[in-house]
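Order of the sequence lines sets the chain letters (A, B, ...), proteins ahead of strands, with each chain counted from 1. Please read all numbers here as calculations on a predicted model, not as lab measurements.
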Protein chains: 2
Amino acid sequence: MAKQYEGPVRIKDIADRAGVSTGTVDRVIHGRGRVSEENERKVKEAIASLDYEPNILARSLARNSNFEIGIVIPKFSTDSFWMSQVNGIEKALKNIRDFGFSIRFLEFDDQVHGDMLKHLTTIQTEKFDGLLVAPTITDDAHVFLNTCEEQDIPYMLVNTNLEREDDLLVGYVGQNSFQSGLLAAKLLSLVTSNKGVLSIFHMEKEVDNSEHMLQKEKGFISFFKEKKRKPQDVLVHRLPIMTTTTNFKNSVKKFLKANPDVSGIFVTTSRIHFLSKVLKKLEREDIVIVGFDLIKENVAALNSYEKMFLINQNPVLQGYAGLMSLFDFLLKKKAAKRLQYLPLDVITKENLSAYLDTNSTIFEHYK
Amino acid sequence: MAKQYEGPVRIKDIADRAGVSTGTVDRVIHGRGRVSEENERKVKEAIASLDYEPNILARSLARNSNFEIGIVIPKFSTDSFWMSQVNGIEKALKNIRDFGFSIRFLEFDDQVHGDMLKHLTTIQTEKFDGLLVAPTITDDAHVFLNTCEEQDIPYMLVNTNLEREDDLLVGYVGQNSFQSGLLAAKLLSLVTSNKGVLSIFHMEKEVDNSEHMLQKEKGFISFFKEKKRKPQDVLVHRLPIMTTTTNFKNSVKKFLKANPDVSGIFVTTSRIHFLSKVLKKLEREDIVIVGFDLIKENVAALNSYEKMFLINQNPVLQGYAGLMSLFDFLLKKKAAKRLQYLPLDVITKENLSAYLDTNSTIFEHYK
DNA sequence: AAAAATTGTGTGTACGCACACACAGAATTG
DNA sequence: CAATTCTGTGTGTGCGTACACACAATTTTT
């Protein structure tokens, strides 16, 4: 009773079996109407009994349609983290270009509140088929995404997750910020042998408007709640972004004078390289530090500061997976997983070179 | 001077530019000959200057051929490492099925010398378009791969790298065994603070026939050469695979009696869970151990033995990347990178759950 | 030296499959 | 009976592939 293999079923086979033309079958498949009930029934029966599945290659080729995806991320020309994201995005693009996908960058300055909104008119005027958005500034992002909803444009979030009830929200890809805070706490705890006081540095202007930083803080603190250490053992310190290096150095100096028993510091951004330099100058290299992202300044810091860990968010993979999810959503009409968390890679001076060697190659051939 | 975007370059564009027909362009692309030097030069110039890349959809559709790939790996029904490889392979297959790819498993027992060779007649009789081979047993593998050469079947190596001068060798994907030995040495060295003697356990029947184990040993030892520690500080110990657990326990016991100052052991296989159990029984949990692979027995070991590290080879990614490389090679006629090293993930009790959470999702949507 | 056969070089075009438009014929309406 | 709507067919398109064929240049045969 095994079904005999007759090669892939084509639309022509359906047409023959139902006694109609391929055009009619096509209209049934796409619900374009203009088919008598009688024929529609026959065609559906034929599709079911022959177990027809359209050839996705021929479909894409024939449709000959273009999908334009807008990439809404912080300006990347000067930022190696976002440059890596673009890297991943372009790798994904290479894979899906033949399917008619093209991209357009809509950069904004994430240090300027409201700058993201300058792209609102572009979104409204041109018709994008999808957007890849890094909602780094929470309130701006919500305004922006509300407009996407109005324009009926599906969007994918990267790097920072926002909770929104929205059918057009394809999903989120990035790190689990809460988990990364937890991991940072574990690392500091392990290496300092639970001695001294630990601290969180938020080195960023708008902390309360940065969802991922808040999540990292929560994760960090929750580790100590579990371990029954007193909450007083954790200091949260908010530093505005440095206007001058001297400025920053002085505020760290003041902080250490007030808290001489600090044994570890968790920096919730990629700006940890500023801290490592200052600690060296202040001769406080006994302090263990944990920060984020394998940008080049941090690679240098890792090599010169002994007690330092980096947690990498794998920006290349983020960009790659982000665009691919939109592809899946638009072409296969397949919902992406709502939350795609990427691995938290721990990098030390020791495994740095192996990490750099290997991670560049894993996308070589994704199709 | 920016290059204007004119839509995808088609084969017709090349033909126009070179002043020939599409057929001629096609013959140049595929090296089918019958093209004058003059025209060949013109076509190649046009391809280069227009940055032509063939539309992979149209190519597959037109070629209308099937590719059958043989998967030659150790039997996976009872082995969770190879099961994960199959997992990755099947994920890759899902992506490339529409391009006419199908697979067929040719399993062998890697604990039985020569078992791999039972598939030789299959290779010779049926015509495979490509093979994905795990050359775990060196001499068997060479015999096998020589036959591939005779049959003109391109092959991709996974998990274990072999040096072969061979145009049909597409590439290798897996870990850098030498580097992983180096990393193991670093970890042990760090945690034991350079006190005591370190040892390598090869828990496998045929060590000299397992290229990756030999490489791990070399990497491990080279670390200490750099650090100017005396070679005597490293003991290499070869254990045959255990016939009975008691048997194994006794040989470990004997080893520890002879070498009471051992502070760390590097196990070059995934069988580290046997060792952790024995050390617990012998009350030598002071010994730090490093081993390979996140198989379920090792996950359990990780949770019950404090001083243990695992280096993961990411089998899912290996299988995935292996098959995708063959796809690239056969369809895009693009040579894969000869060596694709995957990241060396260090896993401890601490980051285990985050690792398990995240790593499953990254293939969701690769196309 | 002429004719025939062989080789070299190149063009034209029918696939593969799904899509979508132009159009034809039938049924329905006014 | 003409005009409109509905239903369905035919066919050109997207792009690359690969075969059939044409024509020229060269070699071989007579």
Report the residues that fulfil side chain to side chain contact (heavy atoms under 4.5 Å, CB included) with A/K12, sequence neighbours left out, ordered by chain and then residue number. A/R10, A/D16, A/T22

Nucleotide nearest B/R10 (side chain, heavy atoms from C-beta), chosen from D/dG16, C/dC19, C/dG16: D/dG16

With five pairs defining each end axis, the helix from C/dA1-D/dT30 to C/dG30-D/dC1 comes out bent, to 10°, by 60°

Length of the CG-C1' vector between A/N64 and C/dC21, whole Å: 14 Å

Cationic N near anionic O, under 4.0 Å, B/K44 to B/E40: yes

B/E90/B/K94 salt bridge by N-O under 4.0 Å criterion: no

I'd like to know if B/K127 and B/E68 make a salt bridge, using a cut-off of under 4.0 Å between side-chain N and carboxylate O. no

Could you state the CZ-P distance from A/R63 to D/dC15, rounded to the nearest angstrom? 15 Å

Checking all strands, does B/N55 fall into the base, sugar-phosphate, or nothing category for heavy-atom contacts under 4.0 angstrom? sugar-phosphate

Nearest whole Å is fine: how far is C/dG16 P from B/N66 CG? 14 Å

Polar pairs (N or O, both sides) under 3.5 Å between protein and nucleotides 6-11 of chain D?
residue: D/dG8; atom: OP1; partner: A/S36; partner atom: OG; Å: 2.5
residue: D/dG8; atom: OP1; partner: A/N39; partner atom: ND2; Å: 2.4
residue: D/dG8; atom: OP2; partner: A/S36; partner atom: N; Å: 2.3
residue: D/dG8; atom: OP2; partner: A/S36; partner atom: OG; Å: 3.2
residue: D/dG8; atom: O5'; partner: A/N39; partner atom: ND2; Å: 3.4
residue: D/dG8; atom: O6; partner: A/R34; partner atom: NH1; Å: 3.3
residue: D/dG8; atom: O6; partner: A/R34; partner atom: NH2; Å: 2.8
residue: D/dT9; atom: OP2; partner: A/S21; partner atom: N; Å: 3.0
residue: D/dT9; atom: OP2; partner: A/S21; partner atom: OG; Å: 3.0
residue: D/dT9; atom: OP2; partner: A/T24; partner atom: OG1; Å: 2.8

B/Y52, nearest nucleotide to its side chain (from D/dT17, C/dC17, D/dG16): D/dG16

Write down the distance between CG (B/L61) and C1' (C/dA18), rounded to a whole number of angstrom. 9 Å

Indicate, with a heavy-atom threshold strictly under 4.0 Å, whether B/D26 touches base, sugar-phosphate, or nothing. base

What orientation do B/Y341 and B/Y172 show, parallel under 30°, tilted 30 to 60°, or perpendicular over 60°? perpendicular

Is the distance from the ring center of B/F67 to that of B/F99 below 6.0 Å? no

How many Å lie between CZ on B/R32 and C1' on D/dA18, as a whole number? 6 Å

What I'd like to find out is whether the side chain of B/F105 reaches to under 4.5 Å of the side chain of B/I103, using heavy atoms alone. yes

Taking C-beta and beyond as the side chain, do B/V133 and B/M116 meet within less than 4.5 Å on heavy atoms? yes

Heavy atoms only, 4.0 Å cut-off, all strands: where does A/I11 land among base, sugar-phosphate and nothing? sugar-phosphate

Short N-O contact, A/E38 and A/K42, less than 4.0 angstrom: yes

So which nucleotide from D/dG14, C/dC19, D/dG16 ends up closest to the side chain of A/R59? C/dC19

